[in-house]
Amino acid sequence: AEPTMVLRLKFLNDTERLARVCPGDTVGDLKRAYFPGQEQQVRLIYQGQLLRDDTQSLATLHLTHNSVLHCHISQHNPAPEPASPQASADPVHAALNVGSLMLPLFVLMLAVLWYFQLQYRHVFTATATTFLAGLTLLFSFMAFTMYRR
């Protein structure tokens with residue numbers, strides 16, 4: 001018999017459930033065993049990747065003992081559960097909105113610093129100017145790599 005391992009199924013409302021599985025089990029087997037009747041509504045996410053292929057074995061995902069699988073159950077189930085994932089999804093959307101404001105905020109801050117550097121050149125030391133140029137280059141590189149995906 002195959003050795004078993006325990007996976008941690010983590011839900012949006014931060015509750016956890018333990019699943020005892022074999023490495024040879026597939027993603028579909030896991031859904032059928034722990035979410036009977038809800039297989040189509042369950043989305044499993046491992047290391048940021050949605051596990052779409054129900055025929056993929058857990059061994060090919062390189063899951064280890066105590067690996068965390070994030071679970072999202074869509075709203076079609078009649079249990080009182082839809083309220084809790086929805087409630088905890090709101091802070092997630094708020095965080096995403098704040099994140100989307102960070103790029104314009106950094107651009108504005110860099111623009112203001114460059115304006116001051118050009119207007120009040122005597123206040124800026126060579127080290128400060130070099131640091132500002134380096135920060136601008138670093139930020140430009142990060143923004144370029146983020147938006148190139």
Side-chain angles (χ1 to χ4, degrees), residues 1-117 127-149:
E2 278 189 281
T4 61
M5 62 182 175
V6 174
L7 300 178
R8 294 167 43 208
L9 305 177
K10 190 165 185 151
F11 297 89
L12 286 176
N13 60 3
D14 276 339
T15 58
E16 274 192 23
R17 195 169 154 195
L18 298 179
R20 188 168 298 281
V21 297
C22 294
D25 291 348
T26 65
V27 173
D29 294 337
L30 177 66
K31 286 182 182 180
R32 279 187 293 282
Y34 289 91
F35 305 97
Q38 295 181 309
E39 296 93 341
Q40 298 306 312
Q41 296 148 304
V42 173
R43 300 282 177 265
L44 297 174
I45 299 156
Y46 178 60
Q47 293 184 337
Q49 298 295 317
L50 179 63
L51 306 181
R52 288 186 176 90
D53 184 5
D54 281 358
T55 62
Q56 189 173 23
S57 78
L58 300 177
T60 59
L61 296 169
H62 305 294
L63 290 165
T64 58
H65 183 68
N66 264 345
S67 290
V68 175
L69 284 174
H70 293 273
C71 304
H72 176 264
I73 301 174
S74 59
Q75 305 302 313
H76 305 300
N77 49 345
E81 262 197 316
S84 52
Q86 190 55 42
S88 65
D90 293 337
V92 171
H93 290 302
L96 290 177
N97 291 340
V98 170
S100 65
L101 293 174
M102 292 307 282
L103 180 69
L105 188 66
F106 279 132
V107 168
L108 181 67
M109 282 177 22
L110 281 173
V112 167
L113 284 170
W114 276 110
Y115 171 79
F116 283 127
Q117 201 281 334
T127 308
T129 304
T130 304
F131 182 73
L132 182 59
L135 194 63
T136 304
L137 279 172
L138 177 70
F139 179 74
S140 302
F141 175 74
M142 286 174 52
F144 177 74
T145 55
M146 278 174 49
Y147 288 98
R148 201 178 72 177
R149 286 188 211 166

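Count residues from 1 along the sequence.
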### Task
For Gln40 and Phe35, run side chain to side chain contact (heavy atoms under 4.5 Å, CB included): C-alpha distance rounded to whole Å, both residues' side-chain angles, the deciding distance at 0.1 Å, then the answer.
CA-CA 9 Å; Gln40 298 306 312; Phe35 305 97; over 6 Å; no

### Task
Could you go through the side chain to side chain contact (heavy atoms under 4.5 Å, CB included) check for Asp54 and Val27 one step at a time?
CA-CA 5 Å; Asp54 281 358; Val27 173; 3.8 Å; yes

### Query
Can you list the steps and then say if Leu7 with Val68 is a side chain to side chain contact (heavy atoms under 4.5 Å, CB included)?
CA-CA 6 Å; Leu7 300 178; Val68 175; over 6 Å; no

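Residue-environment remark: CZ (Arg17) exceeds the threshold of 12 foreign heavy atoms within 6.0 Å.
Shown here for Ala33 and Pro36, the closest heavy-atom pair between the two residues is O-CD, 4.1 Å. Listed here is the closest heavy atom pair of Leu44 and Cys71: CD2-SG, 3.4 Å. Listed here is the closest heavy atom pair of Trp114 and Ala133: CZ2-CA, 3.8 Å. Heavy atoms only, all atoms of each residue included: Cys22 and Leu58 are closest at O-CD1, 3.8 Å. Among all heavy-atom pairs drawn from Leu51 and Lys31, the shortest one is O-NZ, 4.4 Å. Residue Thr64 comes nearest to Met5 through the heavy atom pair C-SD, 3.9 Å, listed as atom of the first residue, atom of the second, then distance.
The shortest distance between side-chain heavy atoms of Arg20 and Tyr34 falls below 4.5 Å. With a 4.5 Å cut-off on side-chain heavy atoms, Val107 and Phe139 count as touching. With a 4.5 Å cut-off on side-chain heavy atoms, Phe116 and Val112 count as touching.
Within the model, atoms CG of Leu9 and CG of Leu18 stand 8.0 Å from one another, a figure rounded to the nearest 0.5 Å. Rounding to the nearest 0.5 Å places CG of Leu63 at 9.0 Å from OG of Ser57. Atom CD of Gln56 sits about 4.0 Å away from atom CG of Leu61, to the nearest 0.5 Å. Taking CD of Gln38 as the reference point, atom CD1 of Ile73 lies at 5.0 Å (rounded to 0.5 Å). We find the CG-OG1 distance between Leu138 and Thr136 to be 9.5 Å, quoted to the nearest 0.5 Å. For the atom pair CZ of Arg8 and CD of Glu16, the computed distance is 4.0 Å after rounding to the nearest 0.5 Å.
Shown here are the side-chain hydrogen bond (donor to acceptor under 3.5 Å, both in side chains) partners of Gln117, two or more places apart in sequence or in another chain: Thr129. Take Arg32 and apply the salt bridge (charged side-chain N to carboxylate O under 4.0 Å, His left out) test, not counting sequence neighbours, and it matches Asp29. Partners of Asp53 according to the salt bridge (charged side-chain N to carboxylate O under 4.0 Å, His left out) rule, which considers only residues two or more places apart in sequence or in another chain, do not exist here.
The backbone N or O of Val6 lies less than 3.5 Å from a partner atom in the side chain of His65, making a donor-acceptor pair. Arg52 places no side-chain N or O within donor-acceptor distance of the main-chain N or O of Gln49, the cut-off being under 3.5 Å.
In the model, Thr130 has no side-chain atom that pairs as donor or acceptor with a side-chain atom of Thr127 under 3.5 Å.
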